[in-house]
Amino acid sequence: MTSNQHRPRNRSSLRSNITVRYGSMSSEQPDSDASSMQTTVISQKRSYIAVAVLCYINLLNYMDRYTIAGVLLSIQNYFGIPDSTSGLLQTVFICSFMFLAPVFGYLGDRYDRKLIMIVGLIVWIVTTLGSSFVKQTHFWVLVLTRALVGTGEASYSTIAPTIIGDLFTGTKRTLMISFFYIFIPVGSGLGYILGATIATATEDWRWALRVREYIFSKYTTEIDHHTVSSFSCESYIFGAITVVTGIVGVFLGTCISKQLRDRVPNADPLICAVGMLSSSPCFFIAIVLAATSIPATYTFIAIGETLLSLNWAILADILLYVVVPTRRATAEALQIMVCHLLGDAGSPYLIGAISDALLKYNPESPSWDFRRLEYSFLLCPFIGVLGGLFFLMTSLYIKEDRKAAELLASGNNRLL
């Protein structure tokens, strides 16, 4: 008889002899088989506990990411920086996050995912804590720490969804992914609220400790304080809207997907396309109405964010079922890199730069400060339309791509 060691192996196969372990899939079996292999290593109860921990960290992750937005006005006043420079804080964070995601994706498909994620979380915690002690004259240190925070988050955001994909399959995986991604809008909204709270507290302590300057510049101080208070109030409202609409949108998108997926093979990208295309006019109207009706603005923001949140969990599930388990971390990393490269990597700085460029047309007018920022934001809804069109293109190929991944995972890649 021929020994197993002498049997020919398909060169294009992704099969590995490494023992399957939690957090690092080495099997090329389809999802149903992969699930049974995983249950021999980790129990169902521990799987749910793992998802709960990942969801909690995801909540803290996005709270930290968007606290900067909630406290941005105070940062500008403290460091004395213009709109474009303040936008740089988000840009350097996203750039480090974006370019390092493929590195962690590559490592996550080959080494212990849990260990890589833990190291990244330690970097994230240390740098986030360190950024809280930056002095007024060292703005560049804050920029550096934000870049390092992106390094820590790159490991977590890349690997965490793939661990969920390793632990669950089918509709259960979709549900678990929904729980995980629902904390993106929830964490973002709470980040705004936390930032507003910090901004108010900062201003109170700042003026209490600078008594002499307060006496000599009382009028200026009061104006600044009321401006920050107003900004904080708006951040509270915007944060609350983001939390509620995020929860509604993610669960609504998941429910629609479950209802249509069996009847419409390309339902998932179509849902994402409808959400993106219909949210864009809502955001456009909200920006235009901001100068005349705040209630109407918040109404359209709420509708737009709900529609935009439809795709959070669905997009993650699409990525998991069109990629074999052994390459999911790499695929997640590439998706992160591309979406940020074409999105928020440069948009904060770009919007700030447009706002600063428009300043020269009417530098003495207080109302122009609002208008120039409003005109800068009008770029965003049009980009949303492009996103919707790309989802429509995806719907043309999703069925074939999913079938190809299933065949490759089952070892039938010769049929492709």
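Along the sequence shown, residues are numbered consecutively beginning with 1.
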Let me have the donor-acceptor pairs involving side chains of residues 380-392, under 3.5 Å, with sequence neighbours excluded, atom names and distances please.
none

Once the angle between the rings of W140 and H138 is folded into 0 to 90°, is it parallel (under 30°), tilted (30 to 60°) or perpendicular (over 60°)? tilted
Sequence neighbours left out, what passes ring-ring contact (aromatic ring centres under 6.0 Å, His included) with F79? Give chain and number order. F139
ring-ring contact (aromatic ring centres under 6.0 Å, His included) pairs, two or more places apart, involving residues 251-277: F179-F251
Residue pairs fulfilling salt bridge (Lys or Arg N to Asp or Glu O under 4.0 Å) with at least one residue in residues 293-319, sequence neighbours excluded: R173-D317, R261-D317
With a sphere of 6.0 Å drawn around OH of Y62, does it hold more than 12 non-hydrogen atoms of other residues, nucleotides or ligands? yes
Hey, could you give me each pair passing salt bridge (Lys or Arg N to Asp or Glu O under 4.0 Å) that has a residue in residues 294-304? Not counting sequence neighbours. none
All salt bridge (Lys or Arg N to Asp or Glu O under 4.0 Å) counterparts of E374, not counting sequence neighbours: R371
Going by distance alone, is a donor N or O of one side chain under 3.5 Å from an acceptor N or O of the other, for T254 and S178? yes
Below 4.5 Å, heavy atoms only, C-beta onward: do Y181 and L315 meet side chain to side chain? no
Check the surroundings of atom OH in Y48: do more than 12 heavy atoms from other residues, nucleotides or ligands lie under 6.0 Å from it? yes
Would you say D109's side chain and T330's backbone share a donor-acceptor pair under 3.5 angstrom? yes
R146 side chain to V92 main-chain N or O, any donor-acceptor pair under 3.5 Å? no
Quick check against the 3.5 Å criterion: does Y156 have a side-chain atom that pairs as donor or acceptor with the backbone of N58? yes
Measure the shortest side-chain to side-chain distance between M276 and L310 over non-hydrogen atoms and say whether it is less than 4.5 angstrom. no
From F180 CZ over to W312 CH2, what is the distance, rounded to the nearest 0.5 angstrom? 11.0 Å
Is a side-chain donor or acceptor of S257 paired with a backbone partner of G253 at a separation under 3.5 angstrom? no
Do you know which two heavy atoms are closest between N311 and C272, and how far apart they sit? CB-SG, 3.3 Å
Between R402 and E406, does any NZ, NE, NH1 or NH2 come within less than 4.0 Å of an OD or OE carboxylate oxygen? yes
Taking T162 for its side chain and A329 for its backbone only, find out whether a donor-acceptor pair lies under 3.5 Å. no
Atom OG1 of T127 and atom CG of D64: how far apart are they, to the nearest 0.5 Å? 8.0 Å
